[in-house]
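Just so you know, these numbers use all the heavy atoms, side chains as well, and skip hydrogens, waters and symmetry mates. Just so you know, these numbers come straight off a predicted model, no measurement behind them.
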Amino acid sequence: METFVLDTSVFTNPEIYRTFEEDQKGALEDFIHLALNSGAEFYMPTSVYDELRKLVDAGSLWAEFEMVVKIRSPRRLKLEIPAEVLYELIDEIRHRINKGLRIAEEHAREASSCDDVGKLIAKLREKYREALRQGIIDSKEDVDVLLLAYELDATLVSADEGLRRWADRVGIKLVNPKNFRAILESLIRHRAR
């Protein structure tokens, strides 16, 4: 049986949810229908589910969602991950902090000759955010998704670059989230045979 761990991006990233339906609520409905008939198991960490409920207004549809997707956190106190993962994460964080510092220094030098400080600050914030957050796991929700997929030996479904990169590093199976609907439809066809 196929097991999938879902990230919020499946239902919040327009490129992904539009493979199901044009709007988020319709995408949730379509996913639920396909998931019920696929024979697969679906999981989502509690922290991610809470985040998703804040981002998507689905009303009573959440009860149906919970019947299809098992909401549970990873067993953080019992789960073991290789020390190499922690080592790589710390090394990457240090590299990103140094890169952020260089960006701040560059913008501080520009500030003395800048006429539009607001524009300079906006540019600094964007470059700093990109340097520190893009392509890395940067939230407890990301860690929960990663750990749950690792614990269950499940396939991760996410459009988050950082989460996908780190999942690949620890050997978690991945699917292209743009293909997720087609994968569910394929599972349904195989079940019908």
Side-chain angles (χ1 to χ4, degrees), residues 1-81 85 133 136-168 170-193:
M1 176 182 291
E2 290 289 324
T3 304
F4 298 95
V5 173
L6 309 175
D7 180 38
T8 55
S9 62
V10 175
F11 305 105
T12 60
N13 182 317
E15 286 184 48
I16 310 308
Y17 74 71
R18 286 189 179 132
T19 63
F20 288 95
E21 278 294 330
E22 278 302 307
D23 64 14
Q24 290 173 312
K25 188 172 181 180
L28 274 169
E29 283 181 298
D30 200 27
F31 162 76
I32 290 167
H33 173 73
L34 291 169
L36 279 170
N37 296 299
S38 70
E41 287 188 319
F42 303 90
Y43 289 86
M44 180 177 277
T46 307
S47 62
V48 174
Y49 181 58
D50 292 344
E51 179 183 51
L52 181 62
R53 287 185 59 122
K54 290 176 187 168
L55 297 171
V56 178
D57 180 20
S60 62
L61 198 56
W62 291 120
E64 290 181 56
F65 186 84
E66 288 182 28
M67 290 184 64
V68 174
V69 179
K70 294 174 177 96
I71 309 300
R72 95 165 183 71
S73 296
R75 294 189 174 107
R76 295 182 206 112
L77 298 176
K78 293 190 177 212
L79 193 58
E80 294 181 19
I81 60 169
V85 174
R133 295 190 63 200
I136 191 168
I137 49 175
D138 64 350
S139 69
K140 66 181 176 109
E141 292 83 9
D142 286 355
V143 173
D144 279 347
V145 169
L146 186 76
L147 292 177
L148 187 58
Y150 186 78
E151 176 186 340
L152 299 173
D153 193 27
T155 301
L156 176 65
V157 185
S158 176
D160 183 301
E161 284 179 46
L163 188 51
R164 291 178 59 79
R165 207 171 109 228
W166 280 90
D168 188 54
V170 297
I172 294 171
K173 294 173 281 201
L174 295 162
V175 295
N176 182 331
K178 291 179 183 176
N179 296 333
F180 188 46
R181 180 193 173 101
I183 290 167
L184 294 177
E185 290 170 340
S186 179
L187 288 171
I188 292 168
R189 281 193 305 275
H190 285 339
R191 249 185 122 199
R193 289 181 187 169

* State, to 0.1 Å, how close Ala58 and Lys25 come at their nearest heavy-atom pair, and which atoms those are. => O-CE, 3.8 Å
* Asked: Say you draw a straight line from CG of Asp168 to CG of Leu174; how long is it, rounded to the nearest 0.5 Å?
  -> 6.0 Å
* Specify the closest pair of heavy atoms between Ala149 and Val5, including all atoms of both residues, with the distance to one decimal. => CA-CG2, 3.7 Å
* Which distance, rounded to the nearest 0.5 Å, do you find between the OG1 of Thr8 and the CE of Met44? -> 7.0 Å
* Structure fact -> Sorted by chain and number, sequence neighbours left out, ring-ring contact (aromatic ring centres under 6.0 Å, His included) with Phe180 holds for Phe4
* Identified side-chain hydrogen bond (donor to acceptor under 3.5 Å, both in side chains) counterpart of Glu151 within the set Arg76, Arg72, Lys78 -> Arg72
* Do Tyr43 and Glu41 come close enough that some side-chain heavy atom pair is under 4.5 Å? -> yes
* To the nearest 0.5 angstrom, please state how far the CD1 atom of Ile172 sits from the CG atom of Leu163. => 8.0 Å
* Asked: Phe20 versus Leu34: any side-chain heavy-atom pair under 4.5 Å?
  -> yes
* How long is the gap from CD1 on Ile183 to CD1 on Ile188, to the nearest 0.5 Å? -> 12.5 Å
* Among Val68, Leu61, Asp23, the one residue meeting side-chain contact (heavy atoms from CB on, under 4.5 Å) with Leu28 -> Leu61
* For the ring pair (Phe, Tyr, Trp, His ring centres under 6.0 Å) test, which of Tyr17, Phe31, Trp62 pairs with Phe11? -> Phe31
* Are Lys173 and Asp153 close enough that some pair of their side-chain heavy atoms sits under 4.5 Å apart? -> yes
* **Pairwise side-chain contact, Ile32 with Glu29, heavy-atom cut-off 4.5 Å (strictly under)** => no
* Looking at Leu52 and Thr12, what are the two nearest heavy atoms and their distance? -> CD1-CG2, 4.0 Å
* To do: List the steps, then state whether side chain to side chain contact (heavy atoms under 4.5 Å, CB included) holds for Leu6 with Val69.
  => CA-CA 9 Å; Leu6 309 175; Val69 179; 4.1 Å; yes
* Asked: Looking at Ile16 and Val10, what are the two nearest heavy atoms and their distance?
  -> CG2-O, 3.6 Å
* Asked: Roughly how far apart are Arg18 CZ and Gln24 CD, rounded to 0.5 Å?
  -> 9.0 Å
* Asked: How many angstroms lie between OG in Ser158 and CG in Asn176, if you round to the nearest 0.5 Å?
  -> 11.0 Å
* To do: Check whether any side-chain heavy atom of Leu187 sits under 4.5 Å from a side-chain heavy atom of Glu2, and report yes or no.
  => yes
* To do: Apply side chain to side chain contact (heavy atoms under 4.5 Å, CB included) to the pair Val56 and Phe65, showing each step before the final yes or no.
  => CA-CA 12 Å; Val56 178; Phe65 186 84; over 6 Å; no
* For Trp166 against Leu146, the heavy-atom pair lying closest together -> C-CD1, 3.9 Å
* **Shortest non-hydrogen separation from Ala159 to Ser9 and the atoms involved** => N-OG, 2.8 Å
